[in-house]
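Below is one structure, written out as structure tokens; the observations come after it.
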Amino acid sequence: MTDDARPSDSATVLPRGYTHPAYAGVADAFARVIEMDAAGTALSVVVDGETVVDLWGGTDPLSGGDWVRDSATLAFSAAKGMIALLAAQQVQAGALDPLAPVARYWPEFAASGKGEITVADVLTHVAGMPTLPLEAPEDLLDPATLAARVASRAPDFAPRSARVYHVLSYGTIAAEILRRVTGTDAATLLREKVADPLGAALWLGLPASEDHRFLPALMEPIVPPPAPAGTPEASGTACAAAYRSTLQIVPLFERIDGRLGAEPVNGTAFRRAPVPGGGLVADARSLARAYGACVAPVDGVRLLDDETVARVSRDWQDGIREPVCLPGAAPTERWGLGFEISHPLNRMLGDGSFGHSGMGGRLAFAHAPSRTGFAFVGQRMTFPAPGQDPRWALLLEALARV
């Protein structure tokens with residue numbers, strides 16, 4: 001397909017863009033995904049530094065406008081993968097030791113019993129600090145001020161006693177570590193170290209000049225999570241903290257006046273702010289190029305060397321258990337150095353995969369053995385059972401068959 005190959009009567013279904021002939025099955029799978037989502041979406045795959053799939057399609061049901069080549073949307077926790085990449089670059093440069101205490105780089109962080117928490121503890125979600133000291137949801141829009149509050153408070157539970165996903169605090173803490181190491185905020189680092197070298201559309205804080213690209217994330221009305229119950233661990237401090245941290249994101253997704261697309265996360269204030277754990281605005285092409293450049297040169301740019309890739313993509317969780325807070329929950333048992341690595345609920349392309357998923361079905365990762373970068377982003381947010389997103393299954397099964 002070519003960039004100007006626009007279907008005559010069904011622009012909401014047929015993808016546009018480029019597909020290498022060997023990947024025609026991936027394009028077919030993506031066409032099915034567009035039909036399923038009934039909204040704008042995009043897919044990109046880079047192999048050995050070359051783009052083999054760069055497709056987009058669908059229509060924004062709110063405006064009626066098509067998702068075009070340069071459209072972008074919120075990637076949510078795929079932002080954590082970019083923060084992990086920035087940290088990996090500092091590890092590679094010898095400026096950041098993942099086994100060192102956070103307080104080596106951020107002395108104030110040692111307060112209230114946090115002196116032994118390491119950089120790796122933060123990046124693997126075992127620091128015992130999943131909640132943030134928020135007075136209002138808007139506090140997320142000022143990560144430097146919020147980090148100062150984090151530095152003074154005690155952990156929610158004993159560090160390294162349990163693994164609990166740090167849904168918002170990961171970005172706040174990791175970004176401040178990066179700022180202390182480099183003297184530069186995470187949004188600027190992302191631009192200077194990743195986006196600009198690759199010509200990529202990746203923003204922690206979307207400039208007003210790029211607003212024309214943005215299409216809102218689309219979700220059903222938010223439902224607060226159930227309280228922990230029904231398991232031996234449900235009454236523990238780790239499950240309580242996990243529940244509170246999840247509640248902290250609910251106000252970001254509550255519709256204003258009941259209107260789809262009017263949630264705070266889709267608003268201008270959130271879009272402008274450098275929210276490091278979930279505020280990434282991106283397109284699939286840029287995420288795929290970034291991950292592709294972790295495992296092979298992309299237009300002459302290599303972001304990580306092979307030694308660093310091997311180091312950050314191994315299992316760093318070190319057997320620390322994630323508590324089962326509700327019956328039937330499937331705990332995460334493996335995690336890389338900030339990166340999600342292949343595990344039963346998100347296999348990606350299997351062993352050697354590292355990246356990060358994002359709320360509602362975004363997915364971006366690298367697969368080192370095949371030197372592949374992959375990204376799927378779109379407007380439609382869906383919430384199937386963990387590990388059972390049918391869109392991922394269609395796309396990844398098609399890619400694996402090539």
Side-chain angles (χ1 to χ4, degrees), residues 1-46 51-76 78 213-221 259-261 263 266 281-288 345-349 357-365 372-402:
M1 299 178 188
T2 62
D3 287 4
D4 60 357
R6 185 182 182 88
S8 59
D9 58 359
S10 188
T12 59
V13 176
L14 295 180
R16 287 157 284 166
Y18 167 77
T19 305
H20 185 284
Y23 292 80
V26 179
D28 291 342
F30 181 63
R32 294 176 63 190
V33 168
I34 297 174
E35 189 171 12
M36 291 164 61
D37 273 6
T41 188
L43 171 72
S44 189
V45 181
V46 174
T51 299
V52 296
V53 176
D54 184 21
L55 297 173
W56 59 90
T59 299
D60 174 19
L62 299 182
S63 68
D66 289 346
W67 182 291
V68 297
R69 185 181 189 279
D70 290 333
S71 296
T73 193
L74 285 160
F76 295 115
R213 298 174 180 256
F214 184 78
L215 290 177
L218 305 174
M219 65 209 79
E220 296 299 317
R259 292 180 292 115
L260 175 64
E263 305 81 2
N266 284 316
V281 176
D283 59 32
R285 179 184 313 107
S286 298
L287 283 165
L345 299 182
N346 186 6
R347 296 191 181 279
M348 295 175 266
L349 287 176
S357 56
M359 187 176 182
R362 291 94 169 97
L363 181 62
F365 65 89
T372 295
F374 172 98
F376 166 68
V377 300
Q379 291 184 269
R380 185 72 64 191
M381 299 174 67
T382 64
F383 299 91
Q388 297 181 31
D389 192 316
R391 300 169 300 177
W392 293 6
L394 279 170
L395 298 172
L396 295 175
E397 288 171 7
L399 182 56
R401 287 194 294 267
V402 176

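Every heavy atom of this structure was used, including side-chain atoms; hydrogens, water molecules and symmetry mates were not. Quick caveat: nothing in here was measured; it's all calculated off a predicted structure. Position 1 is the first residue of the sequence, and the numbers go up from there.
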Ignoring hydrogens and angles, tell me if any N or O in the side chain of Arg16 forms a donor-acceptor pair with the backbone of Trp67 under 3.5 Å. yes
Gap between atom CG of Leu55 and atom CZ of Arg69 - 0.5 Å precision: 11.5 Å
Heavy-atom check, side chain of Thr41 versus side chain of Pro15, under 4.5 Å: no
Partners passing side chain to side chain donor-acceptor pair (under 3.5 Å) against Ser44 (at least two apart in sequence or in another chain): none
How would you list, by chain and number, every residue that makes a salt bridge (charged side-chain N to carboxylate O under 4.0 Å, His left out) with Arg213, sequence neighbours excluded? Glu210
Can you list the residues that meet the side chain to side chain donor-acceptor pair (under 3.5 Å) rule with Asn346, with sequence neighbours excluded? Glu340
I need the Asp54 CG to Tyr23 OH distance, nearest 0.5 Å. 14.0 Å
Determine which pairs satisfy ring-ring contact (aromatic ring centres under 6.0 Å, His included) with at least one residue from residues 372-402, sequence neighbours left out, and list them in order. Phe365-Phe374
Nearest heavy atoms of Asn266 and Gly261, plus distance in Å: CB-O, 3.4 Å
Does any N or O in the side chain of Arg362 come within less than 3.5 Å of the main-chain N or O of Leu74, such that one atom is a donor and the other an acceptor? yes
Closest contact, heavy atoms only, Thr73 versus Ala217: OG1-N, 3.8 Å
Please examine the side chains of Val53 and Leu43, heavy atoms only from C-beta on, and report whether any two atoms are closer than 4.5 Å. yes
Name every donor-acceptor pair, under 3.5 Å, that has one atom in a side chain of residues 394-402 and the other anywhere in the protein, sequence neighbours excluded.
none

Would you check if Met36 and Arg380 make a side-chain contact, meaning some heavy-atom pair closer than 4.5 Å? no
Quick one: side-chain contact (heavy atoms from CB on, under 4.5 Å) partners of Pro386, sequence neighbours excluded? Leu345
How long is the straight-line distance from OG1 of Thr382 back to CD of Glu220, given to the nearest 0.5 Å? 10.5 Å
Closest non-hydrogen atom pair between Ala24 and Thr19, with its separation: N-CG2, 4.0 Å
According to salt bridge (Lys or Arg N to Asp or Glu O under 4.0 Å), does anything in residues 385-396 pair up with another residue at least two apart or in another chain? List the pairs. Asp37-Arg391, Asp389-Arg391
Set of residues satisfying side-chain contact (heavy atoms from CB on, under 4.5 Å) with respect to Ala364, sequence neighbours excluded: Leu287, Tyr291, Ala375
Smallest heavy-atom separation, Gly64 atom then Thr59 atom, equals O-CG2, 3.4 Å
Rounded distance (nearest 0.5 Å) linking atom OG1 of Thr372 with atom CE of Met348: 13.0 Å
Ser286: partners by side chain to side chain donor-acceptor pair (under 3.5 Å), with sequence neighbours left out: Asp283
Any residue meeting side chain to side chain donor-acceptor pair (under 3.5 Å) with Ser71, in chain and number order, not counting sequence neighbours: none
Only counting residues at least two apart or in another chain, list the ones meeting side-chain contact (heavy atoms from CB on, under 4.5 Å) with Leu260. Leu62, Leu218, Arg255, Glu263
